[in-house]
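The structure appears below as structure tokens.
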Amino acid sequence: MKLLYALKNPSSETILEPALTPAQRTAFERSLRSWYEQHARVLPWRNVRNPYRTWLSEVMLQQTRVNAVLEHYERFLRRFPTIISLALAPEEEVLAQWSGLGYYRRARMLHRTAKLVVEEYGGELPSTSAGLRRLPGIGTYTAAAIASIAFGESIAVVDGNVERVLLRVLGLPETSGAKMAEFLERTANALVPRRNAGDHNQAMMELGAMICTPRSPRCAECPVFALCRTRGEHPTLERTPMRSERVRYALTTRRKQEGLEVLLQRRPMEASLMANMLELPQLSMHKDTGALVLLEEPLLRVRHSIVGTNYYVEVVGMATRRDAGKHALRGDAMEWVPATKLQEVPLTGLARKVLQRMKLMKLPSGMPQEVPLLIGRGGRASAGKKG
DNA sequence: CAGCCGTGGGG
DNA sequence: TCCCCAAGGCT
């Protein structure tokens with residue numbers, strides 16, 4: 001059955017083009033618009049005319065689910081309401097606000113671009129996709145998204161959703177390569193209306209996110225079912241399997257008169273992964289970690305997957321800095337951070353998750369707070385829960 | 001152009 | 001539980 005698709009693979013030159021007749025394109029655009037007017041989710045970055053906010057939302061949404069962005073978008077805007085406030089902030093604070101969202105290079109480029117725009121562009125983002133495309137962190141997709149949504153330019157976006165919707169409607173398999181990308185750009189642009197390109201683009205992505213999902217698409221609810229040549233899942237490229245790894249981190253606290261402090265370790269500046277961010281000190285899995293550690297069960301086990309690897313994580317309680325220093329892989333770059341300041345430092349997502357679960361850190365918002373778990377001087381962990 | 005960069009929610 | 005992968009960009 002793979003053979004059937006190979007016969008009409010767009011990368012093999014024998015492309016069926018135009019992909020849709022003019023009448024089909026009109027029907028598609030109209031059905032999609034009507035569906036979107038009825039079913040669009042209410043999201044905080046929709047129906048606002050503010051290029052800075054559109055830019056921020058689009059960068060946050062790169063390879064990131066709406067739910068995760070919702071938790072960060074408003075808080076980030078509260079801290080950096082304008083492009084000028086963002087440009088004036090230290091990178092450390094920008095990363096702290098970004099903590100947990102992942103792909104931290106996005107935050108660094110966002111910050112760099114804010115400074116560039118304030119210093120060289122008079123504080124105003126370029127208003128065309130071509131102009132936006134030149135800025136760091138703004139690629140083909142994001143340039144078209146900002147230009148169409150914030151400035152009304154009639155240009156199509158092609159993200160993962162749009163690609164999937166178009167391929168399924170046309171009855172084509174997923175393939176990689178520049179020819180395919182070009183084909184999708186042309187096809188998507190043939191569907192964009194002169195007016196309201198921004199809403200059309202968001203409708204395409206909404207359709208891909210809510211109806212034409214990667215697995216088990218809701219075809220019975222699809223506004224373009226009548227035109228669709230797939231009506232279900234389509235063949236997709238294989239991906240490399242995940243690997244597994246075990247890691248162990250130390251959770252060490254001390255009590256100062258100002259309150260509880262947590263021992264964290266700063267990742268190297270040159271690290272390709274989460275450079276310069278703070279995490280719990282990592283311990284060796286293989287060496288003898290000493291009686292102190294082995295006497296007790298880990299405080300916490302979590303699974304944390306990053307890119308190609310599943311990490312099975314053990315968090316071990318340690319009483320003093322000397323214990324942690326003895327067992328940590330690198331004794332340097334250690335910092336004591338007051339529990340009350342944890343929101344203001346650039347934690348890795350894993351560190352944030354652990355500290356929140358151990359009640360050392362505030363949960364996002366509205367969640368019930370509990371008494372922090374204390375790690376006593378005797379090296380014994382004692383939960384602060386009543387009873 | 002292919003590999004790299006995070007995370008968490010859903011099936 | 002385990003596996004999938006998302007509103008991409010850069011090198």
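The sequence lines fix the lettering, A, B, ..., with proteins before strands; numbering per chain opens at 1.
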Within this structure, what is the CG-to-P distance between A:Leu95 and B:dG6, rounded to whole angstrom? 11 Å
Please name all residues satisfying salt bridge (charged side-chain N to carboxylate O under 4.0 Å, His left out) with A:Glu91, sequence neighbours left out, ordered by chain then number. A:Arg108
May I ask you to evaluate whether A:Lys353 reaches the phosphate of B:dT7, defined as a side-chain N or O under 4.0 Å from OP1 or OP2? no
Considering only heavy atoms and no angle criterion, is a donor-acceptor pair shorter than 3.5 Å present between the side chain of A:Thr348 and the base of B:dG6? no
In residues 102-120 of chain A, what residues come within less than 4.0 Å of DNA chain B, judged by heavy atoms? A:Gly102, A:Tyr103, A:Tyr104
With sequence neighbours excluded, tell me which residues meet salt bridge (charged side-chain N to carboxylate O under 4.0 Å, His left out) with A:Glu261. A:Arg254
Using the side chain to side chain donor-acceptor pair (under 3.5 Å) rule, take A:Ser34 and A:Glu37 through it: C-alpha gap first, then chi angles, then the decisive distance, then the call. CA-CA 5 Å; A:Ser34 164; A:Glu37 284 168 1; 5.4 Å; no
If you count every heavy atom of other residues, nucleotides or ligands that lies below 6.0 Å from A:Arg49 atom CZ, does the total exceed 12? no
Could you pull out every donor-acceptor pair under 3.5 Å between side chains of residues 270-280 of chain A and any protein atom, sequence neighbours left out?
{"from": "A:Glu279", "atom 1": "OE1", "to": "A:Arg267", "atom 2": "NH1", "distance (Å)": "3.4"}
{"from": "A:Glu279", "atom 1": "OE2", "to": "A:Arg267", "atom 2": "NH1", "distance (Å)": "3.3"}

If you assign each of A:Leu237 and A:Thr142 to its closest nucleotide in DNA chain C, which residue comes earlier from the 5' end? A:Leu237
In chain order, what residues pass the ring pair (Phe, Tyr, Trp, His ring centres under 6.0 Å) check against A:Tyr73, with sequence neighbours excluded? A:Trp45
If you assign each of A:Met274 and A:Arg303 to its closest nucleotide in DNA chain B, which residue comes earlier from the 5' end? A:Met274
Taking B:dA2 as the reference, what is the distance to C:dA7 when you measure between their C1' atoms (whole Å, please)? 22 Å
Chi angles and distances behind the side chain to side chain donor-acceptor pair (under 3.5 Å) call for A:Tyr141, A:Glu58: CA-CA 9 Å; A:Tyr141 163 79; A:Glu58 288 302 336; 2.6 Å; yes
Partner set under salt bridge (charged side-chain N to carboxylate O under 4.0 Å, His left out) for A:Glu344, not counting sequence neighbours: none
Set of salt bridge (charged side-chain N to carboxylate O under 4.0 Å, His left out) partners for A:Glu206, sequence neighbours left out: A:Arg41, A:Arg46
Rounded to whole Å, please give me the gap between CE in A:Met180 and C1' in B:dC1. 16 Å
Using 4.0 Å as the upper bound for N to carboxylate O, is an ion pair formed by A:Arg266 and A:Glu335? yes
Using only heavy-atom distances, determine whether the side chains of A:Gln282 and A:Arg248 contain a donor-acceptor pair under 3.5 Å. no
Donor-acceptor list for residues 123-133 of chain A side chains, cut-off 3.5 Å, not counting sequence neighbours:
{"from": "A:Thr128", "atom 1": "OG1", "to": "A:Gly131", "atom 2": "N", "distance (Å)": "3.0"}
{"from": "A:Ser129", "atom 1": "OG", "to": "A:Glu153", "atom 2": "OE2", "distance (Å)": "2.7"}
{"from": "A:Arg133", "atom 1": "NH1", "to": "A:Ile138", "atom 2": "O", "distance (Å)": "3.2"}

Of all of residues 194-219 of chain A, which get a heavy atom below 4.0 angstrom from DNA chain B, listed by number? A:Arg215, A:Arg218
For C:dT11 and B:dG6, measure between their P atoms and round to the nearest Å. 14 Å
Under 3.5 Å, which donor-acceptor pairs link side chains of residues 77-89 of chain A to any protein atom two or more places apart or in another chain?
{"from": "A:Arg79", "atom 1": "NE", "to": "A:Glu93", "atom 2": "OE1", "distance (Å)": "3.0"}
{"from": "A:Arg79", "atom 1": "NH2", "to": "A:Glu93", "atom 2": "OE1", "distance (Å)": "2.1"}
{"from": "A:Thr82", "atom 1": "OG1", "to": "A:Ile84", "atom 2": "N", "distance (Å)": "3.4"}
{"from": "A:Thr82", "atom 1": "OG1", "to": "A:Ser85", "atom 2": "N", "distance (Å)": "3.1"}
{"from": "A:Thr82", "atom 1": "OG1", "to": "A:Ser85", "atom 2": "OG", "distance (Å)": "3.4"}
{"from": "A:Ser85", "atom 1": "OG", "to": "A:Thr82", "atom 2": "N", "distance (Å)": "3.1"}
{"from": "A:Ser85", "atom 1": "OG", "to": "A:Thr82", "atom 2": "O", "distance (Å)": "2.7"}

For a 4.0 angstrom threshold against heavy atoms of chain A, report the outermost contacting nucleotides of DNA chain C in 5' to 3' order. C:dC3 to C:dC10
Could you pick out which residue, A:Arg65 or A:Ala143, lies toward the 5' side of DNA chain C when each is mapped onto its nearest nucleotide? A:Arg65
Grab the CG-P distance between A:Asn67 and B:dG10 for me, whole Å please. 7 Å
Below 4.0 angstrom, which residues in residues 37-63 of chain A have at least one non-hydrogen atom near DNA chain B? A:Gln63
In terms of side-chain geometry, is the basic nitrogen of A:Arg33 or A:Glu29 positioned less than 4.0 Å from the acidic oxygen of its partner? yes
Does A:His304 have a side-chain nitrogen or oxygen under 4.0 Å from the phosphate oxygens OP1 or OP2 of B:dG6? no
